[in-house]
Amino acid sequence: MTGRTHFIVGTGVTLSVLSMAGQQVTLPAVAVAAVSSLLPDIDEPNSLLLQKTMPKTVLNKIKLGLVAAGIGLMLFSYVQSFYVPYSYLVGALMIAACLIHQRLFRQLLMVVIGGVMLFAGGTAGPWLATIGALLMVCAVLPHRGLTHSVYGVFIWGTVLYFASLRLGVPLWTAGAAAYTIHLLCDMLTKHGIQPLPPLKWKWRIPLMSTGKFSGFIVESLCITLTFILLWNAFIVPMGDSAVSIFIHLKDKAGAMLGPSSF
């Protein structure tokens, strides 16, 4: 499925289920559900989540910065004899990194960011280090591997559970639910998912192929059902509340003005 469909279905169904189950739908829960609905595709550098968090404009600016830094380091090393020839090699690698394909550059950037988070986790807390380590691993994993498995749901749910305890905000139910819905949606494709790697066993109901007419039909149906669920979870209760308020105000006004006024 496309990232847009995953976002709409994963976030919409999760929030609807939470509301219908009587749980309060908070802004942090909405944010976690939205991110979690796209998170399994973090192993795909061109996924919607990474395109939004690492857009081409930002990547191009980072590349220009690396080129400038690489050239500056080499010039400084030439003038000051700063760790020559190793500094030349580092400068050349910084420039060469900007020449690689955008997809590979995103993966490289994920590894670097994950490494920084892993290092900072030593003082900032273990969960930052955990997320950094996961980001580094996901950068080199094949698509629909570990992140599209039961292990991925368990790992992400566990991280959010302890984060919820630390922050005092219930986040893990929204995150785990949206993550799971993403996997259920991918089960509808001909590739399916591999729930327990390295076992080759797959879960799939091959109803569609992304980008094909079958994909358009199935994704449109999923989005339609999601909006129906959202309507029943949020709009209908609001209408019932409005009617109840109107009846209450009418009865109160009637009591104040007397029965002859109505």
Indicate if [X] and [Y] have the same hydrophobic cluster label, given that clusters are the connected sets of ILVMFWY residues with side-chain heavy-atom separations under 4.5 angstrom.
X    : Y    : value
V218 : M187 : no
V150 : L188 : no
L38  : V58  : yes
L50  : L48  : yes

### Task
Please examine the side chains of M136 and M117, heavy atoms only from C-beta on, and report whether any two atoms are closer than 4.5 Å.
no

### Those residues that, when tested against F76, pass ring-ring contact (aromatic ring centres under 6.0 Å, His included) (two or more places apart)
F82

### Message
Can you list everything that forms a ring-ring contact (aromatic ring centres under 6.0 Å, His included) with H6? Sequence neighbours excluded, please.
### Response
H182

[X] side chain to [Y] main-chain N or O, any donor-acceptor pair under 3.5 Å?
X    : Y    : value
S47  : D41  : yes
S77  : L73  : yes
S149 : L146 : yes
Q194 : H148 : no

If every non-hydrogen atom of [X] is compared with every non-hydrogen atom of [Y], which pair is closest and at what distance?
X    : Y    : answer
V67  : C98  : CG2-SG, 3.6 Å
A69  : M94  : CB-CE, 3.3 Å
D186 : M1   : OD1-N, 3.8 Å
M208 : E219 : CE-OE2, 3.5 Å
A34  : S37  : O-OG, 2.6 Å

#### Entry: Distance (rounded to the nearest 0.5 Å) between C185 SG and I8 CD1
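Spacing of SG (C185) from CD1 (I8) equals 11.0 Å.
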
### Query
If you measure from OH on Y88 to CG on L75, what distance do you get to the nearest 0.5 Å?
9.0 Å

Side-chain donor-acceptor pairs under 3.5 Å in residues 222-231, sequence neighbours left out?
| from | atom 1 | to | atom 2 | distance (Å) |
| --- | --- | --- | --- | --- |
| T224 | OG1 | S220 | O | 2.8 |
| T226 | OG1 | C222 | O | 2.8 |

### Pairs satisfying salt bridge (charged side-chain N to carboxylate O under 4.0 Å, His left out), at least one member in residues 46-70, at least two apart
none

Sequence neighbours excluded and cut-off under 3.5 Å, please list the side-chain donor-acceptor pairs for residues 167-181, or say none.
| from | atom 1 | to | atom 2 | distance (Å) |
| --- | --- | --- | --- | --- |
| Y179 | OH | T147 | O | 2.6 |
| T180 | OG1 | A176 | O | 2.7 |

### Salt bridge E44-R103, side-chain N to carboxylate O under 4.0 Å
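Answer for the salt bridge query: yes.
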
### Query
What pairs meet the ring-ring contact (aromatic ring centres under 6.0 Å, His included) rule with one or both residues in residues 10-68, with sequence neighbours excluded?
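Every candidate ring-ring contact (aromatic ring centres under 6.0 Å, His included) pair involving residues 10-68 fails, so no pair, neighbours aside, qualifies.
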
